[in-house]
Amino acid sequence: MRSAIFLFALFFGMAAPIAAFDFSDLGKALETAQKVQQKVKQATEDISEPREIELGGGIAGNLLGAAPLLDDRRVQRYVNHVGRWLALQTERPDLPWQFGVLDDNDINAFAVPGGYVFITRGLLASMKSEAELAGVLAHEISHVLRKHHLQAIKKGARAGLVAELADKALQQGGADPALNKLVSAGTEIYARGLDKNDEFEADRMGVVIAARGGYDPYGLPAVLQTLHGMNPQDSSLALLFKTHPALGERLDLLDNLMPGQFDDFEAQPSLAPRFMQAMGKAGNNEGAARRKTR
Amino acid sequence: MKPTQNNPLNKPPPHPCRGWVGEGVETLSLLSSTPILTFPLQGGRNKSGFNELFRPTMAAWLCAMGLCASAPGALAAQPAETAYTVRATDLKAKPFSDAATLSTLPERSRVEVLGRQASWMQIKTDGASGWVKMLSLRFSSEGAPRKPGDTGLGTLFNVAATGKSGSTVTTGVRGLSEENLKTARPDPEALRAMQNYAASAENAVGFAKAGRLEKRSKDYLPPPRKGE
């Protein structure tokens with residue numbers, strides 16, 4: 001936006017003295033400046049939903065290149081049911097929400113623009129109930145709702161690139177250099193992390209979305225508490241620690257926020273038995289064996 | 001509270017070359033077929049009797065959480081899950097705000113956690129037991145009073161920390177490391193598989209019904225005001 005105003009001033013300042021009386025040139029200069037301004041504005045505000053989904057699909061494909069999907073249909077379907085039910089309680093219920101369990105011992109979860117959400121087997125294994133799973137998925141869903149990653153991508157990329165993506169109509173196949181560059185830039189955000197206020201916001205929203213879905217709203221803080229009790233030297237936590245605010249700080253904020261807010265929700269179920277049942281077959285590592293022979 | 005030990009995802013690996021130790025180890029064991037090669041990576045530690053294939057830090061933690069059963073030959077005594085109060089906290093007879101207050105636990109009290117019910121944790125401490133607000137507790141040893149001879153979680157953590165070499169090898173190994181995320185190549189096949197697992201809105205509603213989950217309305221919470 002600023003650069004557009006600057007351009008406008010530049011055009012105006014230069015065009016005026018040279019062709020002081022030629023208003024058609026001035027008009028053209030103005031028009032150009034307006035177009036530039038419009039383009040920049042579009043870039044920061046409108047990546048259409050289809051483009052967001054396309055970009056997200058590229059990033060999700062990359063994350064799946066870093067860690068494979070857990071080869072366990074029952075667990076994958078279960079997590080998708082919980083996630084989709086939660087997404088239905090939000091302002092973007094109709095995104096093509098997809099939830100994936102990554103076959104990785106790292107403890108982490110990721111949200112990708114367009115409605116892709118990942119959770120690692122390591123994180124699932126540290127959980128005790130469906131309400132805990134719901135809390136974590138709702139946190140990730142909140143990142144998608146508020147387009148936190150999309151904003152981080154826009155912030156990092158040069159303006160022209162985002163404009164190119166925003167302008168271009170969806171195309172089937174063929175090279176799309178702007179998309180490819182933004183997918184790469186987008187994937188790197190997962191190694192770097194979001195702004196910590198985005199994480200706090202996702203925590204605040206996550207407990208509410210879980211409560212709306214009928215779950216015990218304390219699932220998310222319970223997971224944070226469990227992870228807080230783990231050895232901070234554990235390498236399976238390294239990326240989570242690097243990319244998120246300190247667990248103690250997140251717990252303190254929820255501790256400030258939640259009392260009195262969820263008194264009417266205390267009796268909601270945590271569905272621990274259903275969770276344990278669904279996880280039943282996931283620990284046998286048949287998936288890992290099958291994957292290798294593929 | 002040790003329900004995690006029932007989480008079947010925590011089952012011991014069926015074969016030493018696969019399982020909990022992770023992708024890195026899997027790949028290495030493919031290269032050498034001798035799981036012993038994992039030692040330099042994992043900090044070279046087997047004298048404590050933990051299952052050699054568990055990462056020592058994870059093993060110590062699992063034991064701390066009462067999961068020693070899954071690591072053959074590990075510590076026999078299983079300490080309960082220990083937490084510390086982060087402020088003076090009322091110990092209630094029941095998990096309700098208007099239940100009788102049994103006593104007030106001072107800040108940094110050490111408690112044993114038995115279970116959670118919504119915002120309440122059932123705990124045991126020096127002869128007394130009851131319920132405290134879950135968010136008044138932290139499982140981290142940060143809250144622990146530091147004194148020599150403390151045999152609680154802190155000791156285990158220290159053992160684990162010294163057993164770790166600190167080196168990690170990620171080259172050529174799939175996994176969620178920073179480097180791998182930066183150099184990841186797309187896996188379109190996995191993306192299609194993920195799509196196949198997606199649940200329709202209709203399915204999700206049926207699933208919620210089966211769990212007796214009832215939709216509620218609740219506004220998002222505003223950010224806390226500064227200074228709070």
Side-chain angles (χ1 to χ4, degrees), chain A residues 60-62 64-69 76-77 80-81 84-85 88 98 100 104-106 108 121 124-126 128 187-188 190-191 204-205 208 211-214 216 218 221-222 225 228-231 233-235 239 253-257 261 266 271-272 274 276 279-280 282-285 288-289, chain B residues 3-4 6-11 13-14 18-20 22-23 57-58 60-61 116 118-119 134-135 138-140 142 157 160-161 164 168 174-176 178 180-182 184-188 190-191 193-195 197-199 201 203-204 207-208 211-218 220-221 224 228:
Chain A
N62 277 349
L64 287 166
L69 269 184
Q76 297 284 4
R77 286 288 288 166
N80 270 281
H81 279 112
R84 190 67 204 263
W85 169 246
L88 288 174
Q98 293 174 32
D104 199 287
N105 290 327
D106 239 47
N108 221 328
R121 186 176 52 127
L124 265 185
S126 75
K128 302 167 183 111
T187 308
E188 285 194 25
Y190 296 85
R204 284 200 304 277
M205 291 171 72
V208 169
R212 287 180 188 169
D216 153 27
Y218 290 87
Q225 218 169 27
H228 197 220
M230 285 180 66
N231 182 356
Q233 301 297 315
D234 195 307
S235 63
L239 188 64
L253 281 172
L254 288 175
D255 189 11
N256 272 332
L257 196 72
Q261 285 286 351
E266 286 269 325
L271 297 179
R274 181 158 83 168
M276 290 301 170
M279 293 301 116
N284 63 8
N285 285 289
Chain B
T4 343
N6 300 324
N7 185 332
L9 279 173
N10 278 324
K11 273 182 201 161
R18 295 180 210 116
W20 257 108
E23 293 293 309
T57 51
M58 181 56 101
W61 181 74
R116 181 176 72 89
S119 67
M134 75 172 274
L135 283 166
R138 297 289 182 274
F139 290 105
S140 166
E142 274 168 37
F157 286 157
K164 189 178 155 66
T168 47
R174 265 178 127 188
L176 291 166
E178 211 178 323
N180 290 349
L181 286 172
K182 284 180 181 162
R185 299 193 160 254
D187 186 341
L191 194 63
M194 181 166 161
Q195 194 168 16
Y197 293 136
N203 285 341
F207 172 84
R212 295 190 185 168
L213 293 169
E214 278 173 39
K215 207 168 155 163
R216 303 278 304 271
S217 60
K218 170 84 184 159
Y220 291 129
L221 304 172
E228 260 180 60

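In the text below, chain A, chain B and the rest are named by the order of the sequence lines, each starting its count at 1. Note: hydrogens, waters and symmetry copies are ignored here, and every other heavy atom, side chains too, is used.
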Original post:
If you count heavy-atom pairs under 4.5 Å between each of A/A60, A/G214, A/G61 and chain B, which one has the most?
Top reply: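 Highest number of heavy-atom pairs under 4.5 Å: A/G61.
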What's the spacing between [X] [atom1] and [Y] [atom2] if we round to 0.5 Å?
| X | Y | atom1 | atom2 | result |
| --- | --- | --- | --- | --- |
| B/K215 | A/W85 | NZ | CH2 | 6.0 Å |
| B/D187 | A/L69 | CG | CG | 8.0 Å |
| A/D104 | B/L176 | CG | CG | 4.0 Å |
| A/D216 | B/R116 | CG | CZ | 4.5 Å |
| B/L221 | A/L254 | CG | CG | 9.5 Å |
| B/L135 | A/L253 | CG | CG | 11.0 Å |

Original post:
Do side-chain atoms of A/Q225 reach the backbone of B/M134 as a donor and acceptor pair under 3.5 angstrom?
Top reply: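 Such a contact is found between A/Q225 side chain and B/M134 backbone.
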Subject >> Side chain B/K218, main chain A/Q261, donor-acceptor under 3.5 Å >> reply: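 Flag set: sc B/K218 to bb A/Q261 pair under 3.5 Å.
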Subject >> Partners passing ring pair (Phe, Tyr, Trp, His ring centres under 6.0 Å) against B/F207 (at least two apart in sequence or in another chain) >> reply: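 So B/F207 forms a ring pair (Phe, Tyr, Trp, His ring centres under 6.0 Å) with A/Y78, A/H81.
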**OP:** Return the option, out of B/A208, B/A204, B/S119, with the maximum number of heavy-atom pairs under 4.5 Å with chain A.
**Re:**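 Of B/A208, B/A204, B/S119, B/S119 has the most heavy-atom pairs under 4.5 Å with chain A.
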What are the two closest heavy atoms between [X] and [Y], and how far apart are they?
| X | Y | value |
| --- | --- | --- |
| B/A198 | A/Q98 | CB-CG, 4.0 Å |
| A/R77 | B/N203 | NH2-ND2, 3.4 Å |
| B/A199 | A/R84 | O-NH1, 3.2 Å |

